[in-house]
Amino acid sequence: TDGTVFRIHTKAEGLMDVAVPLELVFHLPVNYPLCLPGISINSEHLTRAQCVTVKEKLLEQAENLLSGPMVHELVLWIQQNLRCILNQPETGSGSEESTFPTSPTVDDGLWITLLHLDHMRAKTKYVKTVQKWASDLRLTGRLMFMGKVILILLQGDRSNIKEYLILQKTSKVDVDSSGKKCKEKMISVLFETKVQTEHKRFLAFEVKEYSSLDELQKEFETAGLKKLFSAFVLGLVK
């Protein structure tokens, strides 16, 4: 009911004629291709700012392809245009350093990640497990329910967020249709970025239920995450 998410690994020519490995994650909502797919970009050879720029350019291109299947064309387009995008002065911080692989120090500081869960069959147990993990790893944020949409917004040290994701994917947190304990196989990372000045600092991890889309949207806007909501959450709800 929430569409499908898949990951494509490819390479594109970057600066200095170097092949840049790219991981492209597409979330296709149920009414795709009449609406834009959710897109996230990851690459060890690009800075986070460059990844965001590439994603924005892909979404701009996607707007020109609405109403027809577009993923294949978008992959081809980024293979042909990555170098041009990276050459633009607004990419990253505008410094020459931004064209080099990300150094480990970039991970320092506060990060924010948005996760999407397909379902929770054993909801009470699942919620308690998520709360415990967040507490143990000193992560703040929200576990959000609105209708069938389930989102987890995490804020904290990036290494702790990565640890959370490992727990989420390797622990038996839910039950399958026959009631047997099972691992979470239907989770997707919608968004990940270093916390910016406009982002709210969450003081605790809270579980919240929203009765309307407006309510959910206000939560994101209050947190300084209006663009994130438009790019990733709207497609899941509509």
Are the side chain of [X] and the backbone N or O of [Y] linked by a donor-acceptor pair below 3.5 Å?
X      : Y      : value
Gln155 : Phe202 : yes
Arg158 : Gly156 : no
Gln131 : Val207 : no
Gln196 : Lys194 : yes
Gln50  : Thr47  : yes

Can you name the nearest heavy-atom pair linking [X] to [Y], along with the distance?
X      : Y      : result
Met70  : Pro37  : SD-CD, 3.7 Å
Ala19  : Lys11  : CB-CD, 4.3 Å
Leu58  : Trp77  : CD2-CE3, 3.9 Å
Leu115 : Val189 : CD2-CG2, 3.7 Å
Ser43  : Leu22  : CB-CD2, 4.0 Å
Leu153 : Phe205 : O-CE1, 4.1 Å

query = Can you list the steps and then say if Leu46 with Leu86 is a side chain to side chain contact (heavy atoms under 4.5 Å, CB included)?
reply = CA-CA 9 Å; Leu46 301 179; Leu86 297 180; 3.9 Å; yes
Single-linkage hydrophobic cluster, 4.5 Å side-chain cutoff, [X] and [Y] together:
X      : Y      : result
Leu139 : Tyr126 : yes
Phe229 : Val195 : yes
Phe191 : Leu110 : yes
Val5   : Leu165 : no
Leu236 : Phe232 : yes

query = ring-ring contact (aromatic ring centres under 6.0 Å, His included): which pairs involve residues 138-165, sequence neighbours left out?
reply = Trp133-Tyr164
What is the distance from atom [atom1] of [X] to atom [atom2] of [Y], rounded to the nearest 0.5 Å?
X      : Y      : atom1 : atom2 : value
Ile78  : Glu73  : CD1   : CD    : 14.0 Å
Cys35  : Leu66  : SG    : CG    : 8.0 Å
Lys162 : Leu137 : NZ    : CG    : 14.0 Å
Met146 : Leu213 : CE    : CG    : 5.5 Å
Phe6   : Leu24  : CZ    : CG    : 9.5 Å
Glu13  : Arg83  : CD    : CZ    : 5.0 Å

Would you find more than 12 non-hydrogen atoms of other residues, nucleotides or ligands less than 6.0 Å from [X] atom [atom1]?
X      : atom1 : result
Arg201 : CZ    : yes
His72  : NE2   : no
Lys227 : NZ    : no
Lys128 : NZ    : no

Less than 4.5 Å apart, side chain to side chain, heavy atoms only: is that true for [X] and [Y]?
X      : Y      : value
Leu143 : Ile150 : yes
Val54  : Leu82  : yes
Asn160 : Trp111 : no
Val25  : Ile41  : no
Leu225 : Glu221 : no
Glu192 : Ile112 : no
Ile8   : Phe26  : yes
Thr53  : Cys51  : no

Short side-chain donor-acceptor distance under 3.5 Å, Arg48 and Asn42 = yes
Side chain to side chain contact (heavy atoms under 4.5 Å, CB included) between Tyr210 and Met144, worked out = CA-CA 7 Å; Tyr210 305 87; Met144 301 179 275; 3.5 Å; yes
task = Let me see the working for Glu23 and Lys55 under salt bridge (Lys or Arg N to Asp or Glu O under 4.0 Å), right down to the final yes or no.
result = CA-CA 11 Å; Glu23 180 188 83; Lys55 184 198 79 176; over 6 Å; no
task = Determine, stepwise, if the pair Phe220 / Val233 fulfils side chain to side chain contact (heavy atoms under 4.5 Å, CB included).
result = CA-CA 10 Å; Phe220 277 82; Val233 182; 3.8 Å; yes
request  = Let me see the working for Thr140 and Leu203 under side chain to side chain contact (heavy atoms under 4.5 Å, CB included), right down to the final yes or no.
outcome  = CA-CA 6 Å; Thr140 60; Leu203 301 177; 5.9 Å; no
message = Using a strict threshold of under 4.0 Å (side-chain N to carboxylate O), is an ion pair present between Lys57 and Glu63?
response = no
ask   = Charged N to carboxylate O below 4.0 Å: is that the case for Lys218 and Asp214?
value = no
